[in-house]
Amino acid sequence: MEKLIIHGGAGSLEGKTAEAQKMHESLCKIWEESFEVLQKSSAEEAVLHAVRMLEDDPYYNAGTGSKLQADGQVRMSAALMDGYNNRFSGVINVQNIQHPIEAAALLSAEKHTVLSADQATGYCRKNGFPEYNPITDFRMQEYENKCIGTNGTVGAVALDKSGQIFAGTSTGGIGCEMPGRVSDSPTVAGTYASRKAGVSCTGIGEAITQQAAAAKVVIRVGDGMSLQDAVARTMLESDDYNYSYGLISLDSKGHIEVGTTKALTDVYYAYHDGQKFSTFFS
Ligand code: GLY
């Protein structure tokens, strides 16, 4: 019973029907391709495939098309969590590579599984990641216009036929942040999985980190709460602080849940319920 859910960030597309339609189509296409990978291969390969595709689409704020930090530099972060082996790996503020999620995946085989900044970039170079400029004209203009823009972080969570769950998240941050800011994505607050559940978050990183959101949902499921209740309880707790974020999740039984706090309009998610696509747009 393979399951896959992906997201392309969070925000509000109110009144922008054409943009919402475009994102819906893009997410459905990425989901379809990645689900084929899941059926033929594993949850790990499916998550990597989905996140790579999302990183390659300049529309999303991850990989190519990442937002610029306040000093005009792009610094990207990504994490991968292997729920079966309880293995979290990630890169924080890595620069000039095409696929931060690949760097996170490579680090999962190392003794030290999370690297940051110049050392993360150096690790990528040492391992053959070519120099790559992820800055797009659109993001440059957005930066020059004081960073107005809504598209965020990307992520995927998959359950494969052997019962393994993987979660992956990749981000260019929130745009115009203090150089070196660490987002939630490369931490267990933004990306977490176990043998019971997996979560990838999107939204304001500080809120997600302060709530330990992804880890909290997964641990609650591990303690016996249903996924639906675990997500609802976590969102409710965050509403006490008016936090703005959302998450995608699934559990080992194949249930899928999307959570949003009250302060957030939408998580741009997509999954297939066996009958039809369910997305933020339909
Ligand atoms: N959730 C992405 C960020 O805050 O950077």
Side-chain angles (χ1 to χ4, degrees), residues 5-12 23 47 50-51 54-55 57 59-81 88 90-95 100-101 103-104 114 116-117 120 134-135 139 142-143 147-157 167-192 198-217 231 234-235 238 241-249 258-261 263-269 280:
I5 178 163
I6 64 171
H7 74 79
S12 167
M23 200 184 320
V47 165
V51 176
L54 290 157
E55 287 176 337
D57 187 331
Y59 188 72
Y60 302 105
N61 173 23
T64 304
S66 286
K67 293 187 180 193
L68 283 65
Q69 296 191 340
D71 61 352
Q73 300 274 314
V74 164
R75 296 181 183 86
M76 302 167 288
S77 298
L80 182 70
M81 178 98 196
F88 178 92
V91 279
I92 299 172
N93 287 321
V94 71
Q95 290 191 279
I101 195 68
V114 184
S116 69
I135 301 180
R139 290 296 182 204
E142 204 180 70
Y143 172 72
C147 302
I148 294 154
T150 54
N151 312 340
T153 304
V154 305
V157 189
T169 314
S170 182
T171 190
I174 51 173
C176 272
E177 63 267 72
M178 191 188 292
R181 166 193 179 260
V182 177
S183 85
D184 61 290
S185 309
T187 76
V188 297
T191 310
Y192 204 65
V199 175
S200 168
C201 294
T202 176
I204 303 299
E206 284 71 13
I208 299 165
T209 301
Q210 273 136 209
Q211 287 291 290
K216 195 151 64 174
V217 168
V231 170
T234 303
M235 296 294 105
S238 297
Y241 301 92
N242 202 28
Y243 285 153
S244 179
Y245 75 91
L247 58 84
I248 58 168
S249 63
V258 178
T260 51
T261 60
L264 185 81
T265 317
D266 265 321
V267 172
Y268 306 128
Y269 68 89
F280 69 99

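Counting starts at 1 for both ligands and their atoms, following the listed order.
- Residue-to-ligand polar distances place G205 within reach of ligand 1: an N/O pair is separated by less than 3.5 Å.
- Here is the list of ligand 1 atoms found below 4.0 Å of a heavy atom in G203: 1 (N), 2 (C), 3 (C), 4 (O).
- Only the side chain of R181 comes within contact range of ligand 1, with a heavy atom under 4.0 Å; no backbone atom does.
- In summary, the atoms of ligand 1 found under 4.0 Å from a heavy atom of D184, numbered by their order in the structure, are 1 (N), 2 (C), 3 (C), 4 (O).
- The backbone N or O of K67 sits less than 3.5 Å from a side-chain atom of N61, completing a donor-acceptor pair.
- Contact check for V74 versus R139: no side-chain heavy atoms found under the 4.5 Å cut-off.
- From the protein, the heavy atom lying nearest to atom 2 (C) of ligand 1 is T153 OG1, 3.1 Å.
- Nearest heavy-atom pair, V51 versus S170, reported as atom, atom and distance to 0.1 Å: CG1-CB, 3.7 Å.
- Here the side chains of I204 and L264 are not in contact, with every heavy-atom distance at 4.5 Å or above.
- Y143 contributes a side-chain N or O that, together with a main-chain N or O of A70, makes up a donor-acceptor pair within less than 3.5 Å.
- Without hydrogens or angle criteria, T191 side chain to S185 main chain gives a donor-acceptor distance under 3.5 Å.
- In terms of polar-atom proximity, defined here as any N/O pair under 3.5 Å, T202 makes no such contact with ligand 1.
- Close approach of ligand 1 to G173 (heavy-atom distance below 4.0 Å) involves ligand atoms 5 (O).
- Proximity to T171 (heavy-atom distance under 4.0 Å) selects the following atoms of ligand 1: 2 (C).
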